[in-house]
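In the text below, chain A, chain B and the rest are named by the order of the sequence lines, each starting its count at 1.
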Amino acid sequence: MLKVTLPDGSIKECEKGITFLEIAKSISEGLARNVLAAQVDGEVIDSMRTLEKDCQLSLLTWKDEGGKSTLWHSSAHLMAEALEFYYPGIKLAIGPSVTNGFYYDVDFMDYSFKEEDLVKIEEKMKELSKQKNPFQRRVVPKNEAIAYFKEKNDPYKVELLEELEDGHITFYSQGNFTDLCRGPHIPDTSYIKAIKLMSIAGAYWRGDEKNKQLTRIYGITFPKQSELEEYLHRLEEAKKRDHRKLGKELELFTFSQKVGQGLPLWLPKGAELRERLENFLKKTQKKAGYQQVITPHIANKELYVCSGHYEKYGEDSFKAILTPDPNEEFYLKPMNCPHHCEIYKSKPRSYKDLPARFAEFGTVYRYEQSGELHGLTRVRGFTQDDAHIFCTPEQVKEEFKKVIDIVLYVLKTLDFKQFKAQISLRSKEDRSKYIGSEENWIKAENAIIEAANEKELSTFIAYGEAAFYGPKLDFMVQDALGREWQLGTIQVDYNLPERFELEYIGADNQKHRPVMIHRAPFGSMERFVAVLLEHCAGDFPLWLSSEQAVILPISEKFNSYAEEISSQLADLDIRTRIDDRNEKIGKKIRDAELSKIPFMLIIGEKEMNEKTCSVRQRHKGDLGNMTLIQFSDILKEVVQNELVKL
RNA sequence: GCCGGUGUAGCUCAGUUGGCCAGAGCAGCUGAUUUGUAAUCAGCUGGUCGGGGGUUCGAAUCCCUCCACCGGCUCCA
């Protein structure tokens, strides 16, 4: 008998050689029906594998990430089987599970595969799933595996196989389909109850644009039909929060083909919102010892040659701006740091002056690839809430921690509870794209990791995500559709100070090199507004709302009283508008609700006589009759609750 | 940039076996109504059917090309 330790700590005695599914059965039939995979000593494997030694076991179901990914991975195989049925001879590349479902990259050769073909594949998958075909695992010697796929004429699998180590290669088969696969898989196809193929898209083989482009088919499956329906419903709801849709509806921003792709136009309401966010941060930064600076939108090519950006990005950026002098070239500024370095250099600096913190809402222009533009989250002209901190090497960690405080304060104030802190380091393999000495990189990496640890941030490391001049700490949040975006970023940089030969005089009366910290708590105003918009579904906090209340006279007879309270509320610093259209009150309320105005003040005969207003709150309804002072107190309290979070 | 899809009024959308002056709702304008917590009624205005080229007696509809947008891929200082 072997000892199996379950997640609750209990130990179960089991016979060697029984399957994990059988262990599940011995616990309960219900559990057994739901088990998708087994996690044995931390490794996720088939529930049909057998018990060989004492172990820690947890049985994974739909509720576990490992369970989900196993079902989806198996679904990818099921889809591949259906595809081979209709398109014999297609070449399959890879078919993994992803955050929301799975995909398979397929080389369709001469077939043409269209979106409308998804339905018939889906139907075939449903048919195959009902056949209850078991997933069978088989260890295959490398040469045999290669021979199999050479015979099948699949160059992608052969290429994958050639990189694998002999003795660790497994095939999985179900029905008429066999695939090279590490696993794990569900016991049989009948576990896949609800199937939806979502979309097709192009994807390069191995993610390299030099390689052939394959057709990627995305799908998602569930162990229950109702879960699929719920998922599709959630997708619909998410679409309603899409910042591109809300931005248009709430008249925050727009794009114009004439102005140019990826160049947002901020409408009055959007501009006001943005101004409030900027002022909020300016105030926070002023307290933290930052100084505002202003730099121009273009700069001489020499600036970027010096910074290294020209060499790195010159080819892909907006082309140079020429002048009557043939020896001159200017560039639209793609980042603010080189300018700030020159501000630092404008006078000699003493260690007593450091840290120097220069902040600027600097608008920058980058020629992003056309296919990459996306609403406000990816644009060609945007404003960074940028600042550069110049400090001594000894001050780096402390300064870095202070910046983390600001970022956390900003996220907390705007009610972002879900975010990830990503430590972005160099790629392990390819170091050619980075500049600067090994020694400086290591110093910078350590500073970030230590600061993050001391601030007790929960972090994860992403290799290959560093900037070319240094590592970063990036704050990532998800948008309505689950896409991840980088918002705030903090970067330690030893390179630019060197390139610009920045110096300060130390206590020893010698010249020293300062260290730079680049940081932007919002990231960019554009992206932040986009993510904020989706996060709050357009219901902005009161302190950010341009129109905090709309005054709704019951009829035109009360317009003059509306004017009166509007001016009184303005004296109380409350931002209002009067809806004096010749419409019924129901219509005015409906329009105010749809435009997501936090408060509505309904005034008629009674209110005019009593010098009161009837207050209605967005999404909540009637709060009753009150005086303007009472109303203003409510607003003050709401704003207090929104802002005082530290 | 690459693959696939989409493009009709300010917005949401109808209209393709090629054929009457291209339609609807909302928004806007004008008038009537003077209204009590999510859409008052009537009339009117508004469209180079994304741009350009072609096929045809005839194109929103078919073909070519360019542009923009959407979903991905690659990229992201």
Side-chain angles (χ1 to χ4, degrees), chain A residues 98 103 105 108 112-116 198-218 239 242 244-245 248-249 251 254-258 260-262 304 307-314 316-317 333-338 364 366-375 377-380 384 386 433 435 465-470 472 481 483 485-486 489 491 493 495-496 518 527 552-559 582-594 600-607 614-625:
Chain A
V98 286
Y103 67 79
D105 283 349
F108 274 97
S112 91
F113 187 81
K114 294 238 159 73
E115 196 125 17
E116 55 258 34
M198 305 299 292
S199 61
I200 60 178
Y204 300 105
W205 166 237
R206 315 209 109 180
D208 187 335
E209 61 182 326
K210 286 184 214 78
N211 288 335
K212 180 162 186 190
Q213 189 153 36
L214 308 171
T215 305
R216 176 170 297 181
I217 307 177
Y218 282 93
K239 275 189 194 155
D242 192 311
R244 292 166 295 185
K245 181 174 151 66
K248 189 183 270 182
E249 285 171 3
E251 296 179 12
T254 190
F255 288 89
S256 145
Q257 235 184 92
K258 275 214 186 76
Q261 229 188 338
Y304 303 116
S307 70
H309 290 99
Y310 178 78
E311 193 195 341
K312 189 82 189 162
Y313 295 100
D316 308 319
S317 59
K333 107 172 137 177
M335 81 297 301
N336 305 300
C337 30
V364 297
R366 298 176 184 177
Y367 192 80
E368 305 291 356
Q369 294 184 58
S370 66
E372 198 42 56
L373 302 171
H374 181 96
T377 50
R378 197 72 192 275
V379 287
R380 285 180 173 164
Q384 296 178 311
D386 213 356
K433 46 185 179 177
I435 60 169
E465 294 297 317
F468 74 96
Y469 51 75
K472 313 187 282 177
L481 295 170
R483 288 177 286 222
W485 297 100
Q486 176 198 309
T489 180
Q491 313 172 1
D493 183 358
N495 290 302
L496 275 190
H518 307 239
R527 180 173 294 174
L552 310 179
I554 296 280
S555 86
E556 286 172 356
K557 286 191 283 192
F558 313 107
N559 283 354
N582 183 2
E583 292 287 351
K584 295 178 80 166
I585 194 67
K587 168 74 168 166
K588 293 183 185 183
I589 288 170
R590 179 182 156 80
D591 288 348
E593 289 275 356
L594 289 177
M600 286 151 262
L601 302 182
I602 292 139
I603 55 163
E605 187 83 45
K606 188 173 161 224
E607 289 77 10
S614 176
V615 178
R616 182 186 162 106
Q617 192 171 6
R618 163 178 76 191
H619 306 322
K620 295 213 171 90
D622 200 354
L623 300 187
N625 205 276

Polar atoms only, N or O, under 3.5 Å: list the protein pairs with nucleotides 25-28 of chain B and their distances.
residue	atom	partner	partner atom	Å
B/A27	OP1	A/Lys587	NZ	2.8

For [N] versus [M], give the span between their [atom1] atoms, rounded off to a whole number of Å.
N     : M     : atom1 : answer
B/C20 : B/U65 : P     : 29 Å
B/G4  : B/U45 : C1'   : 40 Å
B/U48 : B/G5  : C1'   : 25 Å
B/G18 : B/C57 : P     : 15 Å
B/U8  : B/G1  : P     : 22 Å
B/A9  : B/A24 : P     : 14 Å
B/C49 : B/G43 : P     : 28 Å
B/G23 : B/G46 : P     : 13 Å

Check whether any side-chain nitrogen or oxygen of [X] sits under 4.0 Å from OP1 or OP2 of [N], and answer yes or no.
X        : N     : value
A/Lys584 : B/U34 : no
A/Gln261 : B/A68 : yes
A/Thr215 : B/C3  : no

Once you round to the nearest 0.5 Å, how far does [atom1] of [X] lie from [atom2] of [Y]?
X        : Y        : atom1 : atom2 : value
A/Ile602 : A/Leu552 : CD1   : CG    : 5.5 Å
A/Ile200 : A/Tyr103 : CD1   : OH    : 15.5 Å
A/Glu465 : A/Thr489 : CD    : OG1   : 11.0 Å

For the side chain of [X] and the base of [N], is some donor closer than 3.5 Å to an acceptor across the two?
X        : N     : result
A/Tyr204 : B/G72 : no
A/Gln257 : B/A68 : no
A/Arg378 : B/C76 : yes
A/Gln213 : B/C2  : yes
A/Arg616 : B/A38 : yes
A/Glu607 : B/G36 : yes

> Taking the six-membered ring for Trp, are A/Phe108 and A/Phe113 parallel (under 30°), tilted (30 to 60°) or perpendicular (over 60°)?
Replying inline: parallel
> Should the pair A/His309 and A/Phe468 be assigned to parallel (<30°), tilted (30 to 60°) or perpendicular (>60°) ring geometry?
Replying inline: perpendicular
How is [X] classified with respect to the nucleic acid when contacts are heavy atoms under 4.0 Å: base, sugar-phosphate, or nothing?
X        : result
A/Ala203 : sugar-phosphate
A/Phe113 : nothing
A/Ser614 : base
A/His374 : sugar-phosphate
A/Tyr218 : sugar-phosphate
A/Ile554 : base

What nucleotide, of [options], holds the atom closest to the side chain of [X]?
X        : options             : answer
A/Lys557 : B/G71, B/A38, B/U34 : B/U34
A/Arg216 : B/C73, B/U34, B/G36 : B/C73
A/Tyr313 : B/A38, B/G4, B/C76  : B/C76
A/Glu368 : B/G1, B/C75, B/G36  : B/C75

> Mind pulling the stems RNA chain B is in, i.e. runs of at least three Watson-Crick or G-U pairs, everything under 3.5 Å?
Replying inline: B:1-7 with B:67-73, B:10-13 with B:23-26, B:28-32 with B:40-44, B:50-54 with B:62-66
> Residues two or more places apart in sequence or in another chain: which of them pass salt bridge (Lys or Arg N to Asp or Glu O under 4.0 Å) with A/Glu593?
Replying inline: A/Arg616
>> Taking the cut-offs as 6.0 angstrom to the six-membered ring centre and 45 degrees off its axis, would you call A/Arg366 and A/Tyr313 a cation-pi pair?
In response: no
